[in-house]
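Everything numeric in this text was worked out from a predicted model, so none of it was measured. Each residue takes its place number in the sequence, starting with 1.
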Amino acid sequence: MRQHVNPLSRFFQLPLELPRPDQLFDDPKRPLHLDIGCARGLCLLELSALRPDWNHLGVEIRRPLVLAAQRDRDRLERHNLHYLFCNANISVEGWLAALPEDQLRLVSIQFPDPWFKRRHRKRRVMQPSLLRAIATALTPGRELFLQSDVLEVIEPMVALTELSDCFERPDEDARPWRAENPLPVPTERERYVQEQGLPAYRVLYRRNNRSVPELGALEEAWQRVDNPAETALIS
């Protein structure tokens, strides 16, 4: 059962200054995997053991889940793992911009909360500003992995990512959806989906060498794609 919070509420609009990597990890120079919307964090907990030569950071908007995940991390003394409470669309952009070049190797957004109504589209986790920040922080060849069990959730994420022109899919991946998770550990939601025999829609992107578009231009282009009726009224 997903427990939604409204990311547009005043409380979640307050920007937080997130700790630097050297305040989070025992060796901040390791390659970094950022998981946006990590929920209870069990996937990263397992990954931190399987990939000890990487640092793993999970960010999540539901504070109780972050506190529980961080207790697991502390109990197991996983010094290459950390969890932070924040609204990714408010607090992550500046944090990404301050990272050393090519430290960020992988960003994953897996099974984000579904917002089905058109008036709720601004609550989606993947917004032009966040995608632009991710594209700026990733160097060519580094990866962005998207996954959901709801077509109405992943299709706009895919459309926005491809609209930016900053990412390409590996030639060998199946279309429209990748068959396998490139990560060796499924999330809690993915385990549930698998147990129920339901489909999961996956896309892996690699950063290309094209320039990141200006935010205003990307937002305008996305508005035309995501809400053409409103754009027509404005024009």
**Contacts of N55 that satisfy side chain to side chain donor-acceptor pair (under 3.5 Å) - sequence neighbours left out** = R30
**Item:** Pair listing, salt bridge (Lys or Arg N to Asp or Glu O under 4.0 Å) test, anchored in residues 32-54, at least two apart
**Value:** R40-D72, E46-R191
**Request:** Indicate, with yes or no, if L76 and L42 share a hydrophobic cluster defined by side-chain heavy-atom contacts under 4.5 Å among Ile, Leu, Val, Met, Phe, Trp and Tyr.
**Result:** yes
**Request:** Identify, with sequence neighbours excluded, every residue that meets salt bridge (charged side-chain N to carboxylate O under 4.0 Å, His left out) alongside E219.
**Result:** none
**Request:** Quick one: closest heavy-atom pair of N208 and D165, and the distance?
**Result:** ND2-O, 3.1 Å
**Item:** C43 SG to Q110 CD distance, which is reported to the nearest 0.5 Å
**Value:** 5.5 Å
**Prompt:** At their closest point, which heavy atom of L138 faces which heavy atom of R142, and how far apart are they?
**Reply:** CD2-CB, 3.7 Å
**Prompt:** Does any N or O in the side chain of R207 come within less than 3.5 Å of the main-chain N or O of A135, such that one atom is a donor and the other an acceptor?
**Reply:** yes
**Prompt:** With distance as the sole test, does D149 use its side chain to make a donor-acceptor pair with the main-chain N or O of A200 at under 3.5 Å?
**Reply:** no
**Asked** Would you say S48's side chain and L45's backbone share a donor-acceptor pair under 3.5 angstrom?
**Response** yes
**Request:** Just jot down the side-chain contact (heavy atoms from CB on, under 4.5 Å) partners of P199, sequence neighbours excluded, or say none.
**Result:** Y201
**Prompt:** Does the side chain of E190 reach to within under 4.5 Å of the side chain of R202, using non-hydrogen atoms?
**Reply:** yes
**Request:** Report yes if the side chains of L57 and H33 come closer than 4.5 Å at any heavy-atom pair, otherwise no.
**Result:** no
**Complete:** Taken in chain and number order and not counting sequence neighbours, the residues that satisfy salt bridge (charged side-chain N to carboxylate O under 4.0 Å, His left out) with R178 are D173
**R62 versus F85, closest heavy-atom pair with distance** = C-CD1, 4.4 Å
**Request:** Measure from the side-chain N and O atoms of W95 to the backbone N and O of P19, and report whether any donor-acceptor pair falls under 3.5 Å.
**Result:** yes
**Prompt:** Can you list the residues that meet the side chain to side chain donor-acceptor pair (under 3.5 Å) rule with E162, with sequence neighbours excluded?
**Reply:** Y205
**Request:** Can you measure from CG (L215) to CD (E220) and round to the nearest 0.5 angstrom?
**Result:** 11.5 Å
**Message:** I'd like to check the side chain to side chain donor-acceptor pair (under 3.5 Å) partners of D171; sequence neighbours left out, ordered by chain and number.
**Reply:** none
**Fill in**
All heavy atoms of L160 vs all of Q127, minimum pair found to be CD2-C, 3.7 Å
**Request:** Verify side-chain contact (heavy atoms from CB on, under 4.5 Å) between V203 and Q147, making sure each step is shown before the conclusion.
**Result:** CA-CA 7 Å; V203 182; Q147 180 174 208; over 6 Å; no
**Message:** Please enumerate all residues that pass side-chain contact (heavy atoms from CB on, under 4.5 Å) together with E93, with sequence neighbours excluded.
**Reply:** S129, A133
**Under 3.5 Å: donor-acceptor pair, side chain of R73, backbone of R78** = yes
**Prompt:** Is it the case that one hydrophobic cluster holds both I134 and V212, taking links as side-chain heavy atoms less than 4.5 Å apart, direct or via other members?
**Reply:** no
**Asked** Just wondering, do P21 and L99 contact through their side chains at under 4.5 Å, heavy atoms?
**Response** yes
**Asked** Just by modelled atom types, is the G41 backbone N or O under 3.5 Å from a matching donor or acceptor in the Y83 side chain?
**Response** yes
**Request:** Determine yes or no for a side-chain-to-main-chain donor-acceptor pair under 3.5 angstrom, with S148 supplying the side chain and V150 the backbone.
**Result:** yes
**Item:** Pairing residues for Q70 by the side chain to side chain donor-acceptor pair (under 3.5 Å) criterion, not counting sequence neighbours
**Value:** H82
**Prompt:** Partners of R206 by side-chain contact (heavy atoms from CB on, under 4.5 Å), sequence neighbours excluded?
**Reply:** E143, P170, E172, L204
**Message:** Please evaluate residues T136 and L96 with respect to the criterion side-chain contact (heavy atoms from CB on, under 4.5 Å), reporting the C-alpha separation (whole Å), side-chain torsions for both, the decisive distance (0.1 Å), and the verdict.
**Reply:** CA-CA 8 Å; T136 301; L96 287 173; over 6 Å; no
**Request:** Check the pair F25, L81 against side-chain contact (heavy atoms from CB on, under 4.5 Å), reporting the backbone distance first and the verdict last.
**Result:** CA-CA 7 Å; F25 307 111; L81 171 65; 5.6 Å; no
**Message:** Rounded at 0.5 Å granularity, tell me how far OG1 in T187 sits from CG in L183.
**Reply:** 9.5 Å
**Over 12 non-hydrogen atoms of neighbours within 6.0 angstrom of CD in E214** = no
**Asked** Do the charged groups of R20 and D22 touch, with an N to O distance under 4.0 Å?
**Response** yes
**Message:** Just to verify, which of L131, I36, L130 counts as forming a side chain to side chain contact (heavy atoms under 4.5 Å, CB included) with V107?
**Reply:** I36
**Fill in**
Scanning both residues in full, the closest heavy-atom pair of P31 with R105 reads CB-CG, 3.4 Å
**Item:** Atom pair NE2 (H79) and CD (E77), whose distance is rounded to the nearest 0.5 Å
**Value:** 5.0 Å
**Message:** Going by side-chain contact (heavy atoms from CB on, under 4.5 Å), name the residues that satisfy it together with E180, two or more places apart in sequence or in a different chain.
**Reply:** none
**Request:** Any ring pair (Phe, Tyr, Trp, His ring centres under 6.0 Å) involving residues 132-174? Give me the pairs, sequence neighbours left out, ordered by first then second residue.
**Result:** none
**Prompt:** Hey, what do you get for CG (L50) to CG (L44), rounding to the nearest 0.5 Å?
**Reply:** 11.5 Å
**Request:** Report yes if some heavy atom in the side chain of W54 is under 4.5 Å from a heavy atom in the side chain of L32; otherwise report no.
**Result:** no
**Request:** Might you point out which heavy atoms bring S211 and C166 nearest each other, and give the distance in Å?
**Result:** O-SG, 3.8 Å
**Message:** Do L146 and L151 land in one hydrophobic cluster if side-chain heavy atoms of ILVMFWY residues count as linked below 4.5 Å?
**Reply:** yes
**Message:** Apply side-chain contact (heavy atoms from CB on, under 4.5 Å) to residues F111 and V153 and explain how you reach the verdict.
**Reply:** CA-CA 8 Å; F111 302 95; V153 170; over 6 Å; no
**Prompt:** What about L67 and L84, same hydrophobic cluster or not, with Ile/Leu/Val/Met/Phe/Trp/Tyr joined at side-chain heavy-atom distances under 4.5 Å?
**Reply:** no
**Item:** Value rounded to 0.5 Å, distance of SG in C38 from CG in L65
**Value:** 8.0 Å
